[in-house]
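These numbers come from the heavy atoms of this one structure, side chains and all, not from hydrogens, waters or symmetry mates.
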2 protein chains.
Amino acid sequence: MKWWLTTIGAALSLNIAAKDFTLDDTLAFQITESLTVEVGPRLAGSEADARAVVWAEQKFKQLGFDKVWSEPFTMQYWQRGQASLNVGEPFRQNLVVTALGGSIATPFDGINAQVVMFDSLDQLKQASPGEVKDKIVFINKSMGKDKLGSFYGDVVGARSQGAVEAAKLGAKAIIIRSVGTSINRFAHTGIMRYSDDVARIPAAAISVPDAMQLSRMLSHQPELSLQLQMQNKLPGDVTSHNVIAEITGSKYPNEIVLISAHLDSWDEGTGALDDGAGVGLVMATAALLKQQGRPERTVRVVLFGNEEGGLVGARAYAAKHTANLKNHVFASESDFGAGRIWRLDTGFGEKSQSFAKTLQQKLASFGIEMGTNTASGGPDVSILRAQGVPVVSLQQDGTDYFDYHHTPNDTLDKVDPESLKQNLKVWLLTTATIANSRVDLRK
Amino acid sequence: MKWWLTTIGAALSLNIAAKDFTLDDTLAFQITESLTVEVGPRLAGSEADARAVVWAEQKFKQLGFDKVWSEPFTMQYWQRGQASLNVGEPFRQNLVVTALGGSIATPFDGINAQVVMFDSLDQLKQASPGEVKDKIVFINKSMGKDKLGSFYGDVVGARSQGAVEAAKLGAKAIIIRSVGTSINRFAHTGIMRYSDDVARIPAAAISVPDAMQLSRMLSHQPELSLQLQMQNKLPGDVTSHNVIAEITGSKYPNEIVLISAHLDSWDEGTGALDDGAGVGLVMATAALLKQQGRPERTVRVVLFGNEEGGLVGARAYAAKHTANLKNHVFASESDFGAGRIWRLDTGFGEKSQSFAKTLQQKLASFGIEMGTNTASGGPDVSILRAQGVPVVSLQQDGTDYFDYHHTPNDTLDKVDPESLKQNLKVWLLTTATIANSRVDLRK
């Protein structure tokens, strides 16, 4: 019997013989493989998103869940069109560009205008209209790397708010250096926002090498024009779904331990790291938990829809289940790739800190440190957290996550099966511990 | 004075004071930067190729060359169009594809056919027409990595000859796993060939992750259809140019030491590794050689046109200069990226092996070993080698070269300025040694 089976077996207090212990630690990878191969990219609201919902319902049933259902919600559907960005004379060449999610199209013939570069969103905010009016704004802020992805917050503002700030100053369009950490020539998409009281202008990202190239061009030739063309569409409201399944608790079926990931992905990769691996992990966790003896509390797996568009499925879930959120004794989401889990962050009541320590000690043999008590629980789960649901964040090593995030390069080969095995054991042990306890983590 | 200045100074036997020695070891990078930023991609025969020719002539003049001229040649122009490859039911999704250079277009609506996978070109050759007829052939051969790029030969046959072999068996089209060594999701283009007596079918490459994905799909669902669309054009014959410049020899102006690279590049990257770095290296080498005292023999820099289309410029050069090739005492080309040079291979007469050893000893302080006497001298120079011109290959470390080769990802950020400094010193020392000697390397 392998050491981790002993660890998990002990943690579960299972009264089974070693020979019956058949945890398949490749199950998370198998599920991730199935989703990314058989469905592939699954942009919220698209035909592929609908196929993903069917895939998820079928997979839950195959895995032996007790209940499987989907909950519809309404969302604004945004569709990517072709995009191109051409540098004008004297350096005529194309740059690698992608539309930011939610961006309007350009006119069919594109927008042709002089480019003006800023080092950051803050620098743009300090500009005068005279510097920006009728130009294409280029924000060239680079992103650092660490395990926690903590530089994301510094740069993502240019993506989410750049179009509004540029439009306030009269810009015709905005392009940003990708929110990404690799020098591979992929542009990183991601959601952007408009404001009702500011003109809507097209917004796009160029790859890191192209941002470096454009910056070099501007040092050779400060007055340079760009031609941006994008044919995105906003077809209006459509229906998407959260897909939900449960392993019913043996003793406390009304107490819900919620584990989750998001089913949708951006459209250019196959969403393997974001968030196929998370889907694989939480589906496998609950399935294996049942296989090894039904937990005392109910384990509910939620695959949220349209996380990428702005936690749309999570908001719908919280709204629908408001009256019942007091029964959600715990929630967590896996949505940061497939790197090894190295830290336990909690979002528990103050009196539950000793339980947090107990949990961390159980996880210590997997290399997991104690973190903070300020966990969000994950993007979608943060909505539940805001309504008082206790959470943990099982922090994955995200050093390379933003190399691939939101690019065509987010494909299954980037998921390390060995790391995913470690992830699965940690999720299994964490979920089992909470589902088989009486602890009230709100206190 | 830095150690390598001493080495190079001693090798050149220059009668100059240390303070006058102003070798700018960043010059090769500066030139590479200028070409890739100001011209960018420069597919042979295109408008950008013509701009590259003007750029090269101007740059040679700026660098103080004694003579600068261009030699026209006629070539078949091939133009890339949009390409797409869609997987049919039940796994509907797009794969990353690029047309192989020279490939015909598909019909406007594309080719929709079942795919049949082979592990290699050899396995395809052994197939029966019944296995292949009316299908899209997929050759899924992976490529290994080493310093010499020696696995290229094993896999490039699928690219160059795959369309002919597939068409002999009645295939409708062929797609190959990219001839490349990275799991980044770029398809690698490169020239392919037709045969006059075999039907012409469209030929394309998919990225390595997409080849892995398609292979996984086929293991889930052996009967799978693909839809391939490509809109390439073959506009007919156009004129391109070799650009040539000389530093006239002080004592033996009719003896030509030829150093070279190719000016053209594939159209999706900026051709920084292939072959902007080579262009930077040989232009800088000759310019710095003149700056430090005119060499005794003439140093001729040739920037060949249309290497990628099949050494078209090199063949034109050899044809035009046939009568004068006996005056070409030496030739070499830099066309393997910008990795550190680690080995000297020669293609000298047997009696010149002691000179080869002397040269290697001069280069030893740069970490350079003695290699073989079977050097090609580089792709274009191999044409001169076949006509008896002595050559060397200054072997660069190409371990990562095929990560980027012929992809959109071949951009300036992939060129390591420090490696390029080492390259420049080695080229300078090698060229100076031969240009200031009386050795007859044919013997």
Any side-chain to backbone donor/acceptor pair from [X] onto [Y]? Under 3.5 Å, distance only.
| X | Y | answer |
| --- | --- | --- |
| R92(B) | E47(A) | no |
| Q93(A) | R42(B) | no |
| Q213(A) | T36(B) | yes |
| N409(A) | N184(B) | no |

Task: Enclosure of E223(B) CD (heavy-atom neighbours >12, cutoff 6.0 Å) - done: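 Atom CD in E223(B) is not crowded, with 12 or fewer foreign heavy atoms closer than 6.0 Å.
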Using non-hydrogen atoms only, which part of [X] is less than 4.5 Å away from chain A: side chain, backbone, both, or neither?
| X | result |
| --- | --- |
| Q82(B) | side chain |
| V39(B) | backbone |
| P90(B) | backbone |
| M212(B) | side chain |

Task: Shortest non-hydrogen contact from F91(B) toward R51(A) - done: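 Nearest pair, atom of F91(B) first, then R51(A): C-NH1, 4.2 Å.
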Open item on the list: Below 4.5 Å, heavy-atom pairs only: which of E268(B), H220(B), Q221(B), K414(B) has the largest tally toward chain A?
Closed with: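 Top count of heavy-atom pairs under 4.5 Å with chain A: H220(B).
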Open item on the list: As an exercise: rank V87(A), I183(A), T411(A) by heavy-atom pairs under 4.5 Å with chain B and give me the winner.
Closed with: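 Greatest number of close heavy-atom pairs with chain B: I183(A).
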Open item on the list: If we check side-chain contact (heavy atoms from CB on, under 4.5 Å) with P209(B), which of these qualifies: L412(A), D413(A), T270(A)?
Closed with: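 Only one option passes, and that is D413(A).
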